[in-house]
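In what follows, a single structure is set out as structure tokens and then discussed.
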2 protein chains.
Amino acid sequence: MPTSVTLSDVAREAGVSLATASRAINGSANRTVRADLRERVLAAAERLRYTPDANAQAMARGRTTSVGLVVHDITDPYFSSIAAGVTGAADAAALQVTLTSTQHQPEREVELVRLLQRQRARAVVVAGGRHDDDAVNDAMRAALADYVAAGGSAALVGQPVLGVDTVVVENAAGAAALARALHGLGYRRPAVLGGPPTHLTARERRDAFTDAFAALGAPVDPAHVLPGDFTHEGGEAAMRELLAVGADVDVVFAVNDVMALGALAAARDLGVRVPQDVALAGFDDILTLRDVVPPLTTVRVPLVDVGRLATELALEDHEGEPRVRPVPTEVVLRASTPARTA
Amino acid sequence: MPTSVTLSDVAREAGVSLATASRAINGSANRTVRADLRERVLAAAERLRYTPDANAQAMARGRTTSVGLVVHDITDPYFSSIAAGVTGAADAAALQVTLTSTQHQPEREVELVRLLQRQRARAVVVAGGRHDDDAVNDAMRAALADYVAAGGSAALVGQPVLGVDTVVVENAAGAAALARALHGLGYRRPAVLGGPPTHLTARERRDAFTDAFAALGAPVDPAHVLPGDFTHEGGEAAMRELLAVGADVDVVFAVNDVMALGALAAARDLGVRVPQDVALAGFDDILTLRDVVPPLTTVRVPLVDVGRLATELALEDHEGEPRVRPVPTEVVLRASTPARTA
DNA sequence: TTGTACGCGTTATCAA
DNA sequence: TTGATAACGCGTACAA
């Protein structure tokens, strides 16, 4: 920004000192400026089209006005809803959001956190769930510890395993409740599109679901628990595999909605009808679901709230042990899992 | 960020001057540092866990590393895809993206541009289309002019009416091509869900569509051109209205996909079958369409590319007249508009 | 109430 | 090649 008007210019134009100009424009705490001087300064600023330099202000004040957000893919409705919550909360606190994306490479999270530390972001919200990968987790924990040690504060969405405040979605409770609901509807031969084996959120949902079904006396055939990517393509591929072997299942649980949508596409493509031939359920209740036929049963996660909560958590200053903010989930039964009359 | 390690700390620890430390760590242009000294500095930095302060660097260098993005709603697939393009291009240029959202209030764009100017963002990408509203446009033009005068550079997605570089989607060509394609399929009684009357993109698409149909000898009944919000709800409401009056139409063109999806929901809700009772087409080819039944005919806009192009446009320095970067569109016929055999 | 002067963390200029 | 030192734009003790 080559030719910016500075506060000194304004001060000179108004015939006051830099300090007075600063106080007049920024209304420094309990320092007050005589009315006529303030008028002169404001007029000068207006005349010169002065714009404060937020960076310089941040320097001088010792703190920036930005919060960082780390997602895997902003086009994924799961992340874009969380992002809406983050920008909303940031906005309410008069802060800006720096959006960073790993492009689906979890290991990039570490460098993004370090990047945001260089920006001196006041707070960082990491939206992606954790993996069972000590190397990555250790690196991430170290990056976050450095960041916090340098005065930043971080919040995670996912599992409280990195030593920072975490918004914990009640995945297990939701998946178990879903399993019970489906069992109550008469389903007895479930399959699970389980996502990446190391992904903790995927695993929590998968295990709680299978455990609950087992507890109800209808254990999930281990052969009917398929791994896959946590994406549309992953869901599609897993579903295709499941259907290809002619598995005897009456309901498929995809551990997130994006995968469920992929599964739905695979079913459609193979001429398998949902729910007549097989029922289908997902998890998250992403916005996209409103446009899908049949309406998909899922477990609602209040994603915008999750983003907002994580931001608020990170913004509140707080000493001591990292906090955990549980977020309840809610089973939403829709037409993709009708009561079985058979 | 209270307790940050500074470059001075590193210099002292390494027993060199501040200048040398700076050069060693940042590899200042053609200035070179003796190998052993550089080692000492790097080791000291490592030991102290030094993290450069990007803000201070920006101050000193006179330019920041951030680009601003203004959207209406990041959960809208249209904007999230553009955002993905922007973050991609920014990433490639080693820049960060500051995401700001108007929350559907077009007039807020002005303050967001001013906000980004205060941040001294190198470039600003405004993703929302223009309205036919002189007051807002004048304010926006002024804000952008100030920003550019202060050394920033801006790019718009939409209409080249604000004096800055603009990525122009070929709305009219696409809508006309769509009209011709639909006519070719046998449709003769079209309706248009036209979006907000002042929204230029909506208007371009609407008018080109109706003009093309008129030119083909099948003019659109003016009563079958309905205004509405540029949203899911807007499309739903407009479609509901259209169907309520029992309009005699064989195909409905919603001027964007999000509205088309709302229209589809309305049709479903009222028991009107698509495409058997009425065909339906949209515009944009948002990602969500892959999950919708029936597959929706639309006009593809390469949204991620649009975001990338806008960013590149803003980032290239360039003198003189604002540039226009046209982006071609492409009709994509799908099952929601089958050939009419009647 | 106003002004002076220093500090924020870094880069860049200019001597040495 | 290295080192003082002056910027960068602003906030804020401290003194007046």
Side-chain angles (χ1 to χ4, degrees), chain A residues 1-41 44-45 48-65 117-122 150-152, chain B residues 1-41 44-45 48-65 117-122 150-152:
Chain A
M1 314 282 291
T3 58
S4 283
V5 177
T6 73
L7 191 53
S8 305
D9 299 332
V10 174
R12 189 175 329 110
E13 171 85 5
V16 301
S17 76
L18 218 192
T20 300
S22 172
R23 296 194 268 251
I25 288 187
N26 210 298
S28 161
N30 33 20
R31 248 42 177 161
T32 168
V33 174
R34 222 173 52 210
D36 60 326
L37 278 193
R38 183 176 32 252
E39 291 311 316
R40 282 227 311 266
V41 172
L48 266 42
R49 307 211 139 292
Y50 167 71
T51 306
D53 182 327
N55 273 296
Q57 293 182 315
M59 276 254 66
R61 294 201 247 251
R63 58 203 162 80
T64 65
T65 60
Q117 179 176 355
R118 283 201 290 280
Q119 311 295 321
R120 298 298 186 264
R122 264 210 221 177
Chain B
M1 315 282 290
T3 56
S4 283
V5 176
T6 75
L7 191 54
S8 303
D9 299 332
V10 175
R12 191 174 328 112
E13 171 86 5
V16 301
S17 76
L18 181 57
T20 299
S22 173
R23 296 194 270 251
I25 288 188
N26 211 299
S28 160
N30 33 21
R31 250 44 176 157
T32 167
V33 175
R34 221 174 53 211
D36 58 326
L37 278 192
R38 183 176 32 253
E39 291 312 314
R40 281 227 311 265
V41 172
L48 267 41
R49 306 211 138 293
Y50 167 71
T51 306
D53 183 326
N55 275 297
Q57 292 181 316
M59 247 314 17
R61 295 202 246 248
R63 56 202 163 80
T64 66
T65 60
Q117 179 176 353
R118 282 201 290 280
Q119 310 295 321
R120 298 298 186 265
R122 266 211 218 174

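Proteins come first, then strands; the chains are lettered A, B, ... in the order of their sequence lines, and each starts at number 1. Side chains included, hydrogens not; waters and symmetry mates left out as well; all remaining heavy atoms used. Bear in mind the structure is a predicted one, so any value in this text is a computation, not a measurement.
For the residue pair B/Ser4 and A/Ala150, the shortest heavy atom distance occurs at OG-O, 3.8 Å.
Protein atom CZ of B/Arg63 is 20 Å distant from nucleotide atom P of D/dA7, rounded to whole Å. Counting to the nearest Å, the C1' atom of C/dG9 and the CG atom of B/Leu48 are 15 Å from each other. Regarding B/Met59, its CE atom lies at a distance of 13 Å from the C1' atom of C/dG7, rounded to whole Å. In this structure, B/Asp36 atom CG and D/dT2 atom C1' are separated by 12 Å, rounded to whole Å. Between B/Glu39 atom CD and D/dT1 atom P the separation is 16 Å, expressed in whole Å. When the P atom of D/dC10 is taken as reference, atom CG of A/Leu7 falls 5 Å away, rounded to whole Å. C/dC8 atom P lies 12 Å from atom CG of B/Asp53, rounded to whole Å. Counting to the nearest Å, the C1' atom of C/dT10 and the CZ atom of A/Arg118 are 15 Å from each other.
Distance check: A/Leu18 CG to A/Asp9 CG gives 9.5 Å after rounding to the nearest 0.5 Å.
The stretch residues 10-18 of chain A touches DNA chain C through A/Val16, A/Ser17, each having a heavy atom within less than 4.0 Å of the strand.
Taking side-chain N and O atoms only, A/Asn26 has no distance below 4.0 Å to OP1 or OP2 of D/dC10. When the side-chain nitrogen and oxygen atoms of B/Arg34 are compared with OP1 and OP2 of D/dT1, none of them lie within a distance under 4.0 Å. Listed pair A/Gln57 / D/dG11 meets the phosphate criterion, a side-chain N or O lying under 4.0 Å from OP1 or OP2. At D/dC10, none of the side-chain N or O atoms of A/Ser22 fall inside 4.0 Å of OP1 or OP2 (strictly under the cut-off).
With sequence neighbours excluded, no residue forms a salt bridge (Lys or Arg N to Asp or Glu O under 4.0 Å) with B/Arg118. For B/Ser17, the side-chain hydrogen bond (donor to acceptor under 3.5 Å, both in side chains) partners at least two apart in sequence or on another chain are B/Thr20. In terms of the salt bridge (Lys or Arg N to Asp or Glu O under 4.0 Å) criterion, B/Arg61 has no residue partners (sequence neighbours excluded). With sequence neighbours left out, B/Ala44 forms a side-chain contact (heavy atoms from CB on, under 4.5 Å) with B/Val10, B/Glu13, B/Ala14, B/Arg47.
The terminal axes of the helix from C/dT1-D/dA16 to C/dA16-D/dT1, fitted over 5 pairs per end, subtend an angle of 40° to the nearest 10°.
The backbone N or O of B/Ala24 lies less than 3.5 Å from no partner atom in the side chain of B/Arg38, so there is not a single donor-acceptor pair. For the pair B/Arg122 (side chain) and B/Thr65 (backbone), a donor-acceptor distance under 3.5 Å is absent.
Projected onto DNA chain D by closest heavy-atom contact, B/Ala19 and A/Thr6 fall at different nucleotides, the more 5' of which corresponds to B/Ala19.
Side-chain N/O atoms of B/Arg23 and base N/O atoms of D/dG3 include a donor-acceptor pair closer than 3.5 Å.
Residues B/Thr64 and B/Gln119 are not in side-chain contact: their nearest non-hydrogen atoms beyond the backbone lie 4.5 Å or more apart.
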